[in-house]
Number of protein chains: 2
Amino acid sequence: MRIGELAQKTGVPARMLRYYEEQGLISPRRLDNGYRTYDDYLVDRVKKVRGLVDSGIPTRIISSILPCLDQPQTIVVRNAEPGLRELLVTERDRMSEKIDFLTHNRDSITRYIQAIDEAGSQERPLRAG
Amino acid sequence: MRIGELAQKTGVPARMLRYYEEQGLISPRRLDNGYRTYDDYLVDRVKKVRGLVDSGIPTRIISSILPCLDQPQTIVVRNAEPGLRELLVTERDRMSEKIDFLTHNRDSITRYIQAIDEAGSQERPLRAG
DNA sequence: TTTGACCTTCACATTAGTGGCAACGTTGAC
DNA sequence: GTCAACGTTGCCACTAATGTGAAGGTCAAA
């Protein structure tokens, strides 16, 4: 598919898709006329990139770990560069920290919302049917 | 405590603490000589801010939700502005998305690390004692 | 009075995009 | 064919968010 269709399928503007290519995150092939052409599996990859960027992972890191996020790895694993494992462990731990942090604070927010709701229902108790 | 001590306790440079104040995230009182002075509970608040920023929450949002993250709320809840509940729900849902996303990808990374380890041990099987 | 922590302020850096232009490709109507 | 409309290309510059550096001055303890 071409860039417009991918943009439409992912909700990510074409402009941003070109930017991600510039950052080494997605590498489409080219048609004879120079147009970018994307395989279907890149729809998921683009969404993955968006989610990771939104979660505060820098693009530099994303480009390192992206190949490790696609499921059937098998081949890639052999002759992994020496630093890779260490990088992955570091980033995984960082992600775990983020998860813990977000979870804790999300739960605080949830409790606060409940408190608002209870305060509201107390103020004007259920009365009608 | 003054800014240097807070910086030391939180690991956040004094420069950044001033920046966070500029962004409305932390509002220390001032001594007669103009020095900032921080209460003890701000140590936790600073760490919270760091975690949230690292997780991709914009400071503008953080400043809105910070008051709702401290545990004994009770008083604050009453006469909450009308938009607040909606904002909180939106942000909570966004945080949940991030959590799911990070969890999914972290697990992929973990599996990949395991695959590396297994590939390594297969390549050079346990042989010596 | 010198030293180190602190003050404000202005400028600069980095990351993650966005906007707009001019030129080229593609498609459908005439 | 050719014209218009729209998608795509590269490119350059610009924005917004999150910090960081450094100059030049103040405070207070040794």
Side-chain angles (χ1 to χ4, degrees), chain A residues 1-39 42-43 45-66 91 94-95 97-98 101-102, chain B residues 1-39 42-43 45-66 91 94-95 97-98 101-102:
Chain A
M1 86 194 76
R2 292 185 311 181
I3 198 168
E5 189 179 345
L6 182 61
Q8 185 259 309
K9 281 190 179 167
T10 58
V12 175
R15 188 68 187 73
M16 211 189 284
L17 294 172
R18 294 196 195 98
Y19 171 74
Y20 284 158
E21 180 179 352
E22 206 174 292
Q23 301 305 307
L25 297 177
I26 282 134
S27 303
R29 286 171 291 109
R30 296 290 179 136
L31 301 172
D32 288 347
N33 58 16
Y35 283 19
R36 293 165 177 83
T37 182
Y38 298 87
D39 294 334
L42 290 174
V43 174
R45 172 169 281 212
V46 167
K47 290 180 182 166
K48 204 167 279 190
V49 167
R50 281 304 312 147
L52 293 170
V53 170
D54 268 351
S55 303
I57 318 273
T59 57
R60 178 178 38 84
I61 300 294
I62 298 177
S63 73
S64 312
I65 66 181
L66 259 186
E91 291 308 321
R94 239 175 234 164
M95 288 166 86
E97 274 179 37
K98 285 197 220 291
F101 236 102
L102 286 169
Chain B
M1 85 193 75
R2 292 183 312 181
I3 198 168
E5 190 179 346
L6 182 61
Q8 186 257 310
K9 281 188 180 169
T10 58
V12 175
R15 189 67 188 79
M16 212 189 285
L17 294 172
R18 295 197 194 96
Y19 170 73
Y20 284 157
E21 181 179 353
E22 204 174 293
Q23 302 304 307
L25 296 176
I26 282 135
S27 303
R29 286 171 292 109
R30 297 289 180 136
L31 300 172
D32 287 347
N33 58 16
Y35 283 18
R36 293 166 177 83
T37 182
Y38 299 86
D39 295 332
L42 290 174
V43 174
R45 172 168 283 213
V46 167
K47 289 180 184 167
K48 206 167 278 190
V49 168
R50 280 304 312 147
L52 291 170
V53 170
D54 269 351
S55 304
I57 318 274
T59 58
R60 176 179 39 85
I61 300 295
I62 297 177
S63 72
S64 311
I65 67 179
L66 259 186
E91 291 308 321
R94 237 175 237 163
M95 287 165 86
E97 275 179 36
K98 283 198 221 290
F101 221 95
L102 286 169

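Below, read A as the first sequence line, B as the second, and so on, with proteins coming before strands; counting in each chain starts at 1.
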For atom [atom1] of [X] and atom [atom2] of [N], their distance in whole Å:
X: B/R60; N: D/dA17; atom1: CZ; atom2: C1'; value: 10 Å
X: B/L31; N: D/dT26; atom1: CG; atom2: P; value: 18 Å
X: B/E22; N: D/dA16; atom1: CD; atom2: P; value: 16 Å
X: B/Y35; N: D/dA29; atom1: OH; atom2: C1'; value: 11 Å

| query | Do you know which two heavy atoms are closest between B/K98 and A/D54, and how far apart they sit? | reply |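 That closest heavy-atom pairing would be NZ-O, 3.1 Å.
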Just how far is it from atom [atom1] of [X] to atom [atom2] of [Y], taken to the nearest 0.5 Å?
X: A/K47; Y: A/L52; atom1: NZ; atom2: CG; result: 14.0 Å
X: B/I61; Y: B/E91; atom1: CD1; atom2: CD; result: 4.0 Å
X: A/S55; Y: B/R94; atom1: OG; atom2: CZ; result: 12.0 Å
X: B/R2; Y: B/T37; atom1: CZ; atom2: OG1; result: 9.0 Å
X: B/I65; Y: B/M95; atom1: CD1; atom2: CE; result: 5.5 Å
X: A/K48; Y: A/I62; atom1: NZ; atom2: CD1; result: 12.0 Å

| query | With no hydrogens and no angle check, do the side chains of B/Y38 and B/R45 hold a donor and an acceptor under 3.5 Å apart? | reply |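 Absent: no donor and acceptor within the cut-off.
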What protein N or O atoms touch nucleotides 19-25 of chain D N or O atoms at under 3.5 angstrom, if any, and at what distances?
residue: D/dG19; atom: OP1; partner: B/R50; partner atom: NH1; Å: 3.0
residue: D/dG19; atom: OP2; partner: B/Y20; partner atom: OH; Å: 2.9
residue: D/dT20; atom: O4; partner: B/R15; partner atom: NH2; Å: 2.8
residue: D/dG21; atom: N7; partner: B/R15; partner atom: NE; Å: 3.4
residue: D/dG21; atom: O6; partner: B/R15; partner atom: NE; Å: 3.2
residue: D/dG21; atom: O6; partner: B/R15; partner atom: NH2; Å: 2.4

| query | Where do A/E21 and A/R30 land on the salt bridge (Lys or Arg N to Asp or Glu O under 4.0 Å) test, with the steps shown first? | reply | CA-CA 12 Å; A/E21 180 179 352; A/R30 296 290 179 136; 3.3 Å; yes
| query | So, is A/R18 near the phosphate of D/dT9, with a side-chain N or O under 4.0 Å from OP1 or OP2? | reply |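 Checking D/dT9 against A/R18, a side-chain N or O does come within under 4.0 Å of OP1 or OP2.
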| For DNA chain C, which nucleotides open and close the run of contacts to chain A, 5' to 3', at under 4.0 angstrom from a non-hydrogen atom? |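 Range of nucleotides touched by chain A: C/dA16 to C/dT26.
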| task | Kindly determine whether A/F101 and B/R50 satisfy side-chain contact (heavy atoms from CB on, under 4.5 Å), including the steps that lead there. | result | CA-CA 10 Å; A/F101 236 102; B/R50 280 304 312 147; over 6 Å; no
| Within residues 1-9 of chain B: residues closer than 4.0 Å to DNA chain C (heavy atoms) |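 Per residue number, the list reads B/R2, B/I3, B/G4.
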| request: Would you please test A/L42 and A/K9 for side-chain contact (heavy atoms from CB on, under 4.5 Å) and show each step? | output: CA-CA 10 Å; A/L42 290 174; A/K9 281 190 179 167; over 6 Å; no
